[in-house]
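Reviewing the structure listed below.
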Amino acid sequence: MAEELFRMEHISKLFPGVKALDDVSFSVNKGEVHGLVGENGAGKSTLMKIMSGVYKADEGKIFIEGKEVDVTSVSKAHELGVAIIFQELNLCSHLTVADNIFIGRPPHKGPFISDKQMHAQAKAILDELGIKLNTHSMVGELSIAQQQMVEIAKAISRNSRILVLDEPTATLTEKEIDQLFVIIRNLQKKGVGMVYISHRMEELGEICERVTVIRDGKYIATRNYKDITIDELVNLIVGRALDDKYPKYKRNIGDVLFEAKNVTRAGVLNVEGFSVRSGEILGVSGLVGSGRTEIMRCIFGADKATTKELYLEGKRIQVNSPGQAIAHGIGYATEDRKFDGLALDLDVKFNINMAHLRQLSKFGILDDKAGYDNAQHYKDALTIRTPTLSQTTRNLSGGNQQKIVLSKWLCNDVKVLIVDEPTRGIDVGAKYEVYELFNRLSDQGVAIIMISSELPEILGMSDRVMVIHEGEINGMLDAKTATQEEILYLAAGYNKLEPKAQ
C-alpha cells in the first residue's frame with residue numbers, strides 16, 4: 001500500500017480581484033510522480049508556490065508524513081524537504097556546476113570554504129542521480145537540459161523529499177527528455193515524491209501514476225493515469241469536449257505575399273529561398289539547433305545576415321532592424337516570450353500597445369484613452385483573462401501572456417506574422433484558441449510562418465511544411481499528404497525518402 005508523504009487540504013488563496021484557489025486538496029506518496037494538470041490560469045502554479053513557501057495560503061492545512069507543518073517561507077520549505085524547479089531556472093551562469101549546487105551553503109574546512117570537498121560532494125550527488133556533468137564546468141556554457149539537471153542536483157543536495165517539476169520538458173529534445181525520465185526514476189527509487197506539471201498528455205502516461213486536475217482554481221478530480229483516456233482527461237481539464245485538437249478550417253489562400261531569397265550567414269545559414277502566400281500558414285520544422293529560429297531572426301532584422309533579399313507584395317524591401325521589419329508590416333512572436341517578447345513587470349495595457357505606441361500618440365504624446373481602448377479591444381478579441389488592464393503581466397498565466405504577445409503584433413495590422421513555438425507551455429484549451437486566432441488572421445489575408453517542434457501541430461495547422469537541416473531548406477511538403485516520418489527523415493538530413501515497405 002502506498003505511503004503518503006505530503007498532503008494539502010482545503011487550500012484557498014485570494015489575490016486582489018481574483019480567487020486563485022478555492023478549497024483545493026492534493027497529495028503525493030513516497031516514490032510517486034503525481035501529475036498536476038489544468039488550463040493556464042487554473043491555479044497550478046499558485047498551489048505549488050504555497051507548497052514551496054513562496055505564498056502563504058489564506059485557508060487550509062499542509063501535512064508532511066502525517067504531521068501538520070507551517071510553510072512560512074522558501075527557506076522553511078527547504079528545511080522541510082520541499083523544493084520546486086521552475087520553468088525559469090534559478091542558476092548563476094558565471095559560476096561552476098558545483099558552486100551552483102552548493103550556493104549559499106558551501107562545505108568548509110575550518111573557517112575556509114573547501115573547494116575540493118565541494119566538488120567531491122557535487123560529483124557524488126551527480127553520480128548518484130546518473131547525471132554526467134563536469135562539476136568544474138561553467139553553468140552558462142551548459143544546455144538548458146543540463147542546467148535543469150544542475151537544479152535537480154541542487155534540490156537533492158538539500159535532502160529534498162518532495163520535488164516539484166514545473167513544465168520540465170518544455171525546451172528539451174526527445175533524447176534529453178528520456179535522460180530526464182531516467183533521473184526521475186532514480187529519484188523514485190530513493191522514495192522522493194514528485195509533482196509533475198505538464199501540458200504534454202503523452203508524457204504523463206509515461207511517468208505518472210496518478211493525475212490531478214484543477215480548473216478555475218477548484219479541485220476537479222484525481223485519477224489513476226492507466227484508468228483514464230486522453231479525451232477524458234482533456235474534457236476534465238477544459239470542462240468541455242474538444243472534438244479535435246486543431247480546428248477544421250478551409251483557408252482562402254491568395255497570391256505570394258512574401259518571399260525571401262539568398263538568406264545566408266557565414267557558417268550558419270544558406271537558404272536559397274522560400275515564399276508564403278496571403279492567408280497561408282507555412283509550417284517550419286527541423287531538429288533543435290537546425291537553424292529554424294536563426295533564419296527567421298535574420299529575416300526580421302534581429303540578427304545580421306551576410307546576404308538577404310526580401311520581397312513584400314512583389315516589391316523588394318530593406319530590413320536591417322526589427323524597426324524596419326515592423327514598419328513594413330512584419331511581426332515576430334519570439335520563442336522565449338518572457339525574455340524578449342514581453343515587459344513582464346509592466347502592465348497588460350502597455351504590453352499590448354508596446355509595438356503600436358507611435359500610432360497611439362499625438363504630437364509625440366501618448367493618447368492614454370486611445371491606448372486603453374485599443375488594449376481593451378484586443379483583451380476582448382483574444383479573450384485575455386486578466387482582472388484589469390493594469391495587472392502586471394508577470395502575474396498572468398503562460399497562455400494569457402502568449403495572447404498578449406500575439407495581440408502586440410495584431411495592433412500593427414501585420415501582413416506577415418512569424419510565430420516561433422506559439423503554443424509552447426500553454427494548455428490544450430489555450431492552444432485551441434490560438435489556432436482559431438491564426439485561422440481568423442488567415443481570413444484577413446495575413447501570411448503566417450509558424451515554427452514548431454510539435455509535429456502534430458505542424459501537420460494539423462500548416463498548409464505547407466518547410467523542413468530545415470543545418471541551416472538549409474531540405475524539403476517542402478504539402479501538409480495534407482505529409483507524415484511525421486517524412487518530416488523527421490528530412491529533418492535528419494536525408495534528401496530522399498526511403499521507399500515504404502510493401
| query | Looking at residues at least two apart in the chain, or sitting in another chain, which of them share a side-chain contact (heavy atoms from CB on, under 4.5 Å) with M149? | reply | I131, Q179, I183
| Flag, side chain of T423 to backbone of K431, donor-acceptor distance under 3.5 Å | no
| remark: OG1 (T229) and CZ (R223) are apart, to the nearest 0.5 Å, by 10.5 Å
| note | Applied to residues 51-63, the side chain to side chain donor-acceptor pair (under 3.5 Å) test, sequence neighbours excluded, yields K56-D70
| query | Hey, is the main chain of C92 close enough, under 3.5 Å, to the side chain of N100 for a donor-acceptor pair? | reply | yes
| said: Does either side chain, that of T293 or that of D420, offer a donor lying less than 3.5 Å from an acceptor on the other one? | reply: yes
| message | Test of understanding: with salt bridge (Lys or Arg N to Asp or Glu O under 4.0 Å), list the residues that count as partners of E232, not counting sequence neighbours. | response | none
| query | Between E209 (side chain) and Y225 (backbone), is there a donor-acceptor pair under 3.5 Å? | reply | no
| said: Less than 4.5 Å apart, side chain to side chain, heavy atoms only: is that true for L126 and K132? | reply: no
| query | For A122, does its backbone N or O pair with a side-chain atom of T135 as donor and acceptor, under 3.5 Å? | reply | no
| task | Say whether E421 and S453, considering side chains only, have a donor N or O and an acceptor N or O under 3.5 Å apart. | result | yes
| message | Whether the side chain of R7 engages the backbone of S27 through a donor-acceptor N/O pair (distance < 3.5 Å, no angle test) should be reported. | response | no
| What's the verdict on side-chain contact (heavy atoms from CB on, under 4.5 Å) for V74 and H78, showing C-alpha distance, side-chain angles and the deciding distance? | CA-CA 6 Å; V74 173; H78 287 162; 3.6 Å; yes
| field | Side-chain (E32) to main-chain (N29) donor-acceptor, under 3.5 angstrom | value | yes
| message | Donor-acceptor check, side chain of R215 to backbone of L236, threshold 3.5 angstrom: yes or no? | response | yes
| request: Would you check if the side chain of S452 reaches a backbone N or O of E454 as a donor-acceptor pair within less than 3.5 Å? | output: yes
Under 3.5 Å, which donor-acceptor pairs link side chains of residues 137-146 to any protein atom two or more places apart or in another chain?
| unit_1 | atom_1 | unit_2 | atom_2 | d |
| --- | --- | --- | --- | --- |
| S137 | OG | N134 | O | 3.3 |
| S143 | OG | Q146 | N | 3.2 |
| S143 | OG | Q146 | OE1 | 3.4 |
| Q146 | OE1 | S143 | N | 2.9 |

| Strictly by modelled atom types, are R292 and S285 linked by a side-chain donor-acceptor pair under 3.5 Å? | no
| said: Between S160 and I162 (side chain of the first, backbone of the second, donor and acceptor by atom type, cut-off under 3.5 Å), is there such a pair? | reply: no
| Which residue pairs pass the ring-ring contact (aromatic ring centres under 6.0 Å, His included) test when at least one of the two sits in residues 96-155, sequence neighbours left out? | H119-H136
| field | CA sep, side-chain torsions, deciding dist, call: E294, R297, salt bridge (charged side-chain N to carboxylate O under 4.0 Å, His left out) | value | CA-CA 5 Å; E294 288 78 1; R297 284 179 62 87; over 6 Å; no
| task | Go through the structure and list residues passing ring pair (Phe, Tyr, Trp, His ring centres under 6.0 Å) with Y332, not counting sequence neighbours. | result | F300
| query | So, for I214 and G43, which heavy atoms are closest and what is the spacing to 0.1 Å? | reply | CD1-C, 3.5 Å
| said: Against L389, only a single residue in N351, N353, I384, V348 fulfils side-chain contact (heavy atoms from CB on, under 4.5 Å); can you say which? | reply: V348
| query | Less than 4.5 Å apart, any side-chain heavy atom of K30 and any of R161? | reply | no
